[in-house]
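Worksheet: the structure to be examined is printed underneath.
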Amino acid sequence: MENNHLIQLENVKKIYKVGETQVNALRGLSYNINEGDFLAIMGPSGSGKSTLMNIVGCLDKPTEGKYFLEGEEVSTLDKNRLAGIRNRKIGFVFQTFNLLARTTALENTELPLLYSNMSKKKMRELASKSLSTVGLEGRELHRTNQLSGGEQQRVAIARALVNNPSLILADEPTGNLDTKTGKEIMDIFKRLNQEKNITIILVTHEAELAQIALRRLHLRDGQIIKEEENA
């Protein structure tokens, strides 16, 4: 494998059984994603975007084919090994924020660190630094219900960053935000990609947001139909 391939997908297929029906969610998809890339995945409902994100995020395994992450074939690993990789190497940002209610921004950001042997002081330090990175200095002790939607999504991004992941997966991260706030969130992703060289994969329906990415991948019926690259 080439050194700069963070992700390598080889003939990945995903088949679901729905009653007597067989659904081919991914149909032999092959694609490489390099370190420091910023990729937007686009396509209509049912195109395979979510299935692909679940496999890349080690939340699911392909029915056939191979998936390499940082040179390791992860498509064959068991649930415990996959959970460890998710916690160490992948940060997730979702449309619905997925924050714990009645807890502070700091406590939410610390969550991925709870599985480590780190001291409470070190955890606080890393969580504070992560919140500072997304512009939430001074808001660390505010509870979820005291934060705006945009601030809650910033906490979610800080939580995704706190373990210094190789990869951030953002699934419709601006879907619950107004246009101005959504642009601010996308600017954070752009800055993380450019300044920290973090690889970002974004799923979005919005063509305007996808323009921020370095590359755009269009899916339909579980296959890649088009790839675009910024000049």
Side-chain angles (χ1 to χ4, degrees), residues 2 4-9 12 25-27 29-57 59 67 69 89-98 130 133-136 148-161 164-231:
E2 293 180 33
N4 65 341
H5 285 338
L6 178 73
I7 287 169
Q8 193 166 354
L9 300 164
V12 168
L26 293 176
R27 302 168 182 259
L29 191 147
S30 296
Y31 196 72
N32 296 329
I33 300 171
N34 294 334
E35 292 176 12
D37 209 345
F38 189 165
L39 178 71
I41 299 176
M42 307 183 71
S45 182
S47 61
K49 300 188 305 294
S50 296
T51 302
L52 179 57
M53 283 286 268
N54 285 342
I55 288 173
V56 169
L59 294 165
Y67 168 30
L69 177 63
K89 296 186 177 184
I90 305 173
F92 295 90
V93 181
F94 299 101
Q95 178 176 338
T96 51
F97 317 143
N98 288 4
S130 200
T133 299
V134 298
L136 286 179
S148 68
E151 287 173 331
Q152 288 186 56
Q153 192 60 296
R154 285 172 189 254
V155 174
I157 296 170
R159 181 181 59 195
L161 283 174
N164 194 27
S166 311
L167 171 67
I168 287 182
L169 299 180
D171 192 357
E172 298 284 0
T174 63
N176 283 351
L177 304 173
D178 61 64
T179 305
K180 179 177 177 292
T181 308
K183 185 180 181 308
E184 290 169 359
I185 293 300
M186 290 306 299
D187 285 343
I188 291 174
F189 285 124
K190 186 176 181 179
R191 180 164 50 82
L192 292 172
N193 175 251
Q194 291 177 344
E195 295 177 9
K196 295 183 177 291
N197 202 41
I198 295 174
T199 306
I200 295 172
I201 302 178
L202 164 76
V203 164
T204 181
H205 285 96
E206 299 184 51
E208 189 177 341
L209 292 180
Q211 295 297 322
I212 292 174
L214 300 173
R215 290 193 287 163
R216 291 171 294 286
L217 204 61
H218 296 261
L219 301 187
R220 183 173 294 156
D221 298 327
Q223 294 177 308
I224 298 169
I225 59 165
K226 184 169 67 170
E227 181 184 6
E228 299 173 310
E229 203 163 316
N230 284 350

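All heavy atoms count here, side chains included; hydrogens, waters and symmetry mates do not.
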Would you check if the side chain of [X] reaches a backbone N or O of [Y] as a donor-acceptor pair within less than 3.5 Å?
X	Y	answer
Thr204	Glu172	no
Asn176	Gln95	yes
Asn98	Ala156	no

Closest approach of [X] and [Y], non-hydrogen atoms and distance?
X	Y	result
Leu177	Phe97	CD2-CZ, 3.9 Å
Pro165	Gly91	CB-N, 3.7 Å
Leu202	Leu209	CD2-O, 4.4 Å
Gly57	Leu169	CA-CD1, 3.3 Å
Ala40	Ala210	CB-CB, 3.9 Å
Val134	Arg154	O-NH1, 2.7 Å

Item to check | Neighbour count above 12 (heavy atom, 6.0 Å) for Arg220 CZ | outcome: no
Next on the checklist: With a 6.0 Å cut-off (strictly less than), is the heavy-atom count around CD of Glu208, excluding the residue itself, greater than 12?
Outcome noted: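 Atom CD in Glu208 is not crowded, with 12 or fewer foreign heavy atoms closer than 6.0 Å.
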Item to check | Option passing side-chain hydrogen bond (donor to acceptor under 3.5 Å, both in side chains) with His218 (candidates Lys226, Gln223, Glu228) | outcome: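 That would be Glu228; it is the only one of Lys226, Gln223, Glu228 passing the side-chain hydrogen bond (donor to acceptor under 3.5 Å, both in side chains) with His218.
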Just wondering, do [Y] and [X] contact through their side chains at under 4.5 Å, heavy atoms?
X	Y	answer
Asp37	Leu6	no
Asn34	His5	yes
Ile33	Leu167	no
Arg159	Val93	no
Ile90	Val56	no
Thr199	Ile168	no

Checklist entry - Would Thr181 and Gln153 satisfy side-chain contact (heavy atoms from CB on, under 4.5 Å), going step by step from the backbone distance to the final call? => result CA-CA 10 Å; Thr181 308; Gln153 192 60 296; over 6 Å; no
What's the separation between atom [atom1] in [X] and atom [atom2] in [Y], rounded to the nearest 0.5 Å?
X	Y	atom1	atom2	result
Asn193	Ile188	CG	CD1	13.5 Å
Glu35	Ser166	CD	OG	7.5 Å
Met53	Leu59	CE	CG	9.5 Å
Tyr31	Leu39	OH	CG	5.0 Å
Ile201	Arg215	CD1	CZ	9.5 Å
Glu227	Ile225	CD	CD1	12.5 Å

Item to check | SB check Arg191 Asp187 (cutoff 4.0 Å) | outcome: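 Looking at Arg191 and Asp187, the cut-off is not met.
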Checklist entry - When you look at Ile198 and Phe38, which way does the side-chain contact (heavy atoms from CB on, under 4.5 Å) test go after all the steps? => result CA-CA 8 Å; Ile198 295 174; Phe38 189 165; over 6 Å; no
